[in-house]
Trainee: 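First the structure, which I've put down as structure tokens, then a few questions once you've had a look.
Just so it is clear, the values below take in all heavy atoms, side chains as well, and ignore hydrogens, waters and symmetry mates.
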Amino acid sequence: MGPVRVLELYSGIGGMHQALRESCISAEVVAAVDVNTVANEVYKHNFPSTPLWAKTIEGITLAELNRLSFDMILMSPPCQPFTRLQRLPKYILLENVKGFETSSARDKLVETLKKCGFKYQEFLLSPTYLGIPNSRLRYFLIAKLQSELLTFQAPGQILENFPDQEPKASVKHRVAAGLEKESSFTSPEEEHIEPNSGSDAGSGQCSQKEAFVFKLETAKEMERKRNQDSDLSIQMLKDFLEEDGEEMSQYFLPPKALLRYAFLLDIVTPSCRRSTCFTKGYGHYVEGTGSVLQTAEDVQLESVFKSIEMLSEEEKLMKLSTLKLRYFTPREIENLHGFPPEFGFPDKITMKQRYRLLGNSLNVHVVAKLISLLTG
């Protein structure tokens, strides 16, 4: 039997392709399809031998698709699933944002899968389940064309862990993944707190801060962060960071951002075991787009923020600057997403474009494990 022939739809920068390599199954990507010209440049840079079709899915004829004679479809569609096929693949893997599981597009997808004879399983998974200190909760569906149930299939359920893990992910893992808060009770005041708001302490674990100073972070939120940082099954961020050098100066937060967003930043240190989801606006927008790194680990946040609201802007800036806050670099986000060191960007791809593409990408390790599960 030859290698599995794979069609990669909505291929982006090639996260699915990279996951396919990591899964170690014998496979060949016979075509990748995406309309994003910038993403396609990155894809070609890393996978130059793969045929890349710069067109919409609707622009591909059924004859073109059938000529590919593919066995597997990997896709991360922005909206409706792709259901125009005449020739059915043996395997399907789909990734999407949390919330897709309650959409009409999902209902149409599973209805079609059932009619076509696929057995499928849905998941809500985060890299934290694999020990990676980054919360990136995503919906996944894997489907196999066969008459019998999958050995790990739980009909009617969306699994929140991998089948070879404990029957139910630990509370710490579920909290880290964003599946639940530490307690089911939420006071009326807390309902309006953004989950990305607040900061961490600068000495490895995220300690409590004075409530009258950190108005946007509740005691419960601080407790959640401490629990994440005490989960020893998750690696520290320092394992994913680049070495400091002069080039790092370009990533430090500018004074205007420090003054305006200091109370809203999710601040982590290299010793922390968590970071929030990096979005496509990271590096360009500040609030809610991802964590920032405190590189001055010997400086305590409490000492910086205590009574800071009483200071002049110049004095505030002096204190905030002692934290040496910077954005994570694109390479560091690649590391957290599971892209190997040899993966890279063409020189002409700007910093803003790199952040945007990575924000739209997926976690390679999570997908690789699902591919192995699907084909095993």
Trainee: Tell me if the aromatic rings of Phe278 and Phe328 count as close, with their centers under 6.0 Å from one another.
Mentor: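 Yes; Phe328 has its ring centre under 6.0 Å from that of Phe278.
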Trainee: So with a 6.0 Å cut-off around CZ of Arg356, is the heavy-atom count from everything else above 12?
Mentor: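 Incorrect, the count does not exceed 12.
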Trainee: Is there a donor-acceptor pair under 3.5 Å between the side chain of Asp231 and the backbone N or O of Asn227?
Mentor: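 Side chain of Asp231 to backbone of Asn227, a donor-acceptor pair under 3.5 Å: no, none is there.
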Trainee: Spell out, as yes or no, whether a donor-acceptor pair under 3.5 Å connects the side chain of Asp34 to the backbone of Lys55.
Mentor: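 Such a contact is absent between Asp34 side chain and Lys55 backbone.
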Trainee: Checking Lys369 against Phe162: charged group under 6.0 Å from the ring centre and within 45 degrees of the axis?
Mentor: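 Output yes; distance and angle both within limits.
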Trainee: Parallel, tilted or perpendicular: which one describes the rings of Phe339 and Phe343, with boundaries at 30° and 60°?
Mentor: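 Answer is tilted, since the angle falls between 30° and 60°.
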Trainee: Do you see a donor-acceptor pair shorter than 3.5 Å between the side chains of Thr276 and Ser291?
Mentor: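 Distance-only check passes for Thr276 and Ser291.
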Trainee: Counting N and O atoms only, with roles assigned by atom type, does the side chain of Ser361 sit under 3.5 Å from a partner on the main chain of Leu357, one being a donor and the other an acceptor?
Mentor: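 Answer holds: no.
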Trainee: I'd like to know if Glu111 and Lys115 make a salt bridge, using a cut-off of under 4.0 Å between side-chain N and carboxylate O.
Mentor: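 A salt bridge is present here (some side-chain N lies under 4.0 Å from a carboxylate O).
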Trainee: Say whether, by atom type as modelled, one donor and one acceptor occur between the side chain of Ser103 and the main chain of Arg106 under 3.5 angstrom.
Mentor: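 Judged by distance alone, yes, a pair lies under 3.5 Å.
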Trainee: For Ile142, which of Thr375, Leu374, Ile371, Leu94 qualifies under side chain to side chain contact (heavy atoms under 4.5 Å, CB included)?
Mentor: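 Single pass found, and it is Leu374.
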Trainee: In residues 234-250, what donor-acceptor pairs under 3.5 Å come from side-chain atoms, sequence neighbours left out?
Mentor:
from	atom 1	to	atom 2	distance (Å)
Glu242	OE2	Thr329	OG1	2.6
Ser249	OG	Glu246	O	3.0
Gln250	NE2	Glu247	O	3.0

Trainee: Side chains of Tyr139 and Glu122: is there a donor and an acceptor less than 3.5 Å apart?
Mentor: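 Checked: Tyr139/Glu122 side chains pair up, N/O donor to acceptor below 3.5 Å.
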Trainee: For the aromatic rings, using the six-membered ring if either is Trp, is the centroid distance between Tyr282 and Tyr327 under 6.0 Å?
Mentor: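 Centroid separation for Tyr282 and Tyr327: below 6.0 Å.
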Trainee: Evaluate whether atom NZ of Lys324 has more than 12 neighbouring non-hydrogen atoms of other residues, nucleotides or ligands under 6.0 angstrom away.
Mentor: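 No, NZ of Lys324 has 12 or fewer neighbouring heavy atoms, counting only those of other groups under 6.0 Å.
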Trainee: Under a 4.5 Å side-chain heavy-atom rule over Ile, Leu, Val, Met, Phe, Trp and Tyr, are Val299 and Met318 clustered together?
Mentor: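 Looking at the clustering, Met318 is in a separate group from Val299.
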Trainee: When you check the side-chain N and O atoms of Gln300 and Ser303, is any donor under 3.5 Å from an acceptor?
Mentor: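 Absent: no donor and acceptor within the cut-off.
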Trainee: Can you check whether Asn96's main-chain N or O pairs, donor with acceptor, with Ser76's side chain at less than 3.5 Å?
Mentor: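 Not confirmed, Ser76 side chain does not pair with Asn96 backbone.
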